[in-house]
Student: 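Just dropping this structure here.
For reference, positions follow the sequence shown, starting with 1. Since the structure is predicted, the reported quantities are computational estimates derived from the model, not experimental observations. Values reported hereafter were calculated over all heavy atoms of this structure, with side chains retained and with hydrogens, waters and symmetry mates removed.
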Amino acid sequence: MLSQEDNELLTRVGAETPMGTLMRRYWVPATYSHMIAEPDCPPIRVRLLGENLVAFRDTDGRVGLLEESCPHRTASLFFGRNEECGLRCVYHGWKFDVDGKCVDLPSEPPGSTLQRKVKVKAYPCQERGGIVWAYLGPPELKPELPDLEWARLPDSHRLASRQILQCNWLQGLEGGFDSSHLAFLHQGIAEGGVLIRPSYYEVLPTDFGFVVGSGRELDGDRNFWSANVMVMPFHKIIASVPVAAHMWVPIDDENTMLYCVDFHPHRPLTAEDVARETSWKGIHSENIPGTDRPIRNKDNDYLIDRALQASGDSFTGITGLGTQDNGIQESMGPIADRTKEHLGVSDTAVIAIRRFYLQTLKELADGTTPPGLDPASYQLRSSRYTAPKGVPFAESMKEKTGLEAPVSSEV
Ligand code: FES
Ligand SMILES: [Fe+2]
């Protein structure tokens, strides 16, 4: 369990909050590039870290991400006209460029000095891997764009989807690294080592985030380890073929945009890869057309099939690995009340992950640079391997993956 105070610290992401301040030190996904595909296309709404924004692509192809509320009298710029290198509010015609500068103020008399003074909040954007990345933090602390492996690949090597998770980002991320649920929640979905219950759980803080080790004893003298990496502030790279990645991007305190990516590092995804992933049995979810809302959602109990559940073929009766995760995470409420939990040994990783974030928040408040700001540290993959019994996880991980885990923070 966690104190109410710590639960608040970990889950609130608004601009004035500690976690919101931490998240604003990183480039975060704002939207897909294809949602504002063409110059002068219609603007779209983006809600990110509790802020209401509009994204647009100007006449020169530059992406703008502005506060939605017009600084004149707060009308929504979503209704604006995207024309001649700027977004024009349709209420009184004020116009702003991608930097937030007011470039036209036709409702005021000639000679007005208002135009020079008015600005709308604008956040820098960069595009990579089909994603518009935004930086919402202090300009002088802006890092380089994260060098994620999947984002560097050609589009043909990658399949991405996203869906709204109706709960706080940490519930999603905790679920992503809680390997003890695999043998239960996902029972009946897939065979293989990943769904076997681990006996060891370790979390090692690193200079990019942390690594979660889940181990179990094999017959003979070896252990099987699964090492899952979390790159700050909310990226998971999953050890699978094709490789997969998750990002739990806070829309606000109670909603999360979960991006799921499958990628093959060396070749385009095949038709079979795509067919398998779009059968909606894996991490991707089938959405209501034109929305980011899953068809199997909270309002219809994820189309749970009680007969299927009773048959033993599926532990949950809910179809789809991602839907099972989302459903159970949303069932804990918009922000799980962690003061009411009863945690056991199998929650070791979850406890350590919370300590990691709390420690990082504390260090940030003390002026320490948070982990994960070196773009090169994003070139990582999780892995699974065997190692002799008795070799500590940190040691075997370093040998097998080359990853260093300097235990600098107490976790
Ligand atoms: S409210 Fe936008 S121009 Fe008046
Ligand atoms: Fe899961």
Student: Does any non-hydrogen side-chain atom of Ile131 lie less than 4.5 Å from one of Ser33?
Tutor: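 No, side chains not in contact.
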
Student: Can you tell whether the side chains of Arg128 and Asp147 come within less than 4.0 Å, N to carboxylate O?
Tutor: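 Here Arg128 pairs with Asp147 in a salt bridge, since their nearest N and O are under 4.0 Å apart.
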
Student: Using the ring-ring contact (aromatic ring centres under 6.0 Å, His included) definition, which of the options Trp248, Tyr259, Tyr357 pairs with Trp169?
Tutor: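 Only one option passes, and that is Tyr357.
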
Student: Taking the six-membered ring for Trp, are His157 and His264 closer than 6.0 Å centroid to centroid?
Tutor: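 That pair fails the under 6.0 Å test.
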
Student: Kindly indicate whether a cation-pi arrangement holds for Arg45 with Phe78, taking the cut-offs as under 6.0 Å to the six-membered ring centre and within 45° of the axis.
Tutor: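 Output yes; distance and angle both within limits.
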
Student: Report the distance from atom OG1 of Thr17 to atom CZ of Arg12, rounding to the nearest 0.5 Å.
Tutor: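 Between Thr17 OG1 and Arg12 CZ, I get 9.0 Å after rounding to 0.5 Å.
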
Student: For Asp99, does its backbone N or O pair with a side-chain atom of Lys119 as donor and acceptor, under 3.5 Å?
Tutor: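 Answer holds: yes.
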
Student: For residues Trp225 and Phe393, establish whether the separation of their ring centroids is below 6.0 Å.
Tutor: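 Aromatic pair counts; centres sit under 6.0 Å.
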
Student: What I'd like to find out is whether the side chain of Asn326 reaches to under 4.5 Å of the side chain of Thr323, using heavy atoms alone.
Tutor: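 Asn326 does not reach Thr323 side chain to side chain.
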
Student: Are the side chain of Thr291 and the backbone of Arg293 linked by a donor-acceptor contact shorter than 3.5 Å?
Tutor: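 At least one qualifying donor-acceptor pair exists.
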
Student: Verify whether the ring centers belonging to Tyr135 and Tyr26 lie closer than 6.0 Å.
Tutor: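 No - the distance between ring centres of Tyr135 and Tyr26 does not fall below the 6.0 Å cut-off.
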
Student: Counting C-beta onward and ignoring hydrogens, is there a side-chain heavy-atom pair between Leu9 and Leu358 closer than 4.5 Å?
Tutor: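 Contact flag for Leu9/Leu358 side chains = yes.
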
Student: Compute the ring centroids of His186 and His181, then answer whether they are less than 6.0 Å apart.
Tutor: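 Yes - the distance between ring centres of His186 and His181 falls below the 6.0 Å cut-off.
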
Student: Under 3.5 Å, side-chain donor or acceptor atoms of residues 49-57 against the rest of the protein: list the pairs with distances, not counting sequence neighbours.
Tutor:
residue	atom	partner	partner atom	Å
Glu51	OE1	Tyr123	OH	2.5
Glu51	OE2	Arg24	NE	3.3
Glu51	OE2	Arg24	NH2	2.8
Glu51	OE2	Tyr123	OH	3.3
Asn52	OD1	Arg47	NH1	2.9
Arg57	NE	Ile36	O	2.5
Arg57	NE	Ala37	O	3.4
Arg57	NH1	Gly61	O	3.3
Arg57	NH1	Glu127	OE1	3.0
Arg57	NH2	Ile36	O	3.1
Arg57	NH2	Glu127	OE2	2.8

Student: Please confirm whether the backbone N or O of Leu218 pairs with a side-chain atom of Lys389, one donor and one acceptor, at under 3.5 Å?
Tutor: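 Answer holds: yes.
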
Student: Would you call Arg354 and Glu174 a salt bridge, taking side-chain N to carboxylate O under 4.0 Å as the test?
Tutor: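 Salt bridge between Arg354 and Glu174, a charged N being under 4.0 Å from a carboxylate O: yes.
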
Student: Looking at Phe96, I'd like to know if the NZ or CZ of Arg88 sits under 6.0 Å from its six-membered ring centre while staying within 45 degrees of the ring's axis.
Tutor: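 No, a cation-pi geometry is absent between Arg88 and Phe96.
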
Student: Please, which pairs that meet ring pair (Phe, Tyr, Trp, His ring centres under 6.0 Å) have at least one residue in residues 268-326, sequence neighbours excluded?
Tutor: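 Found none.
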
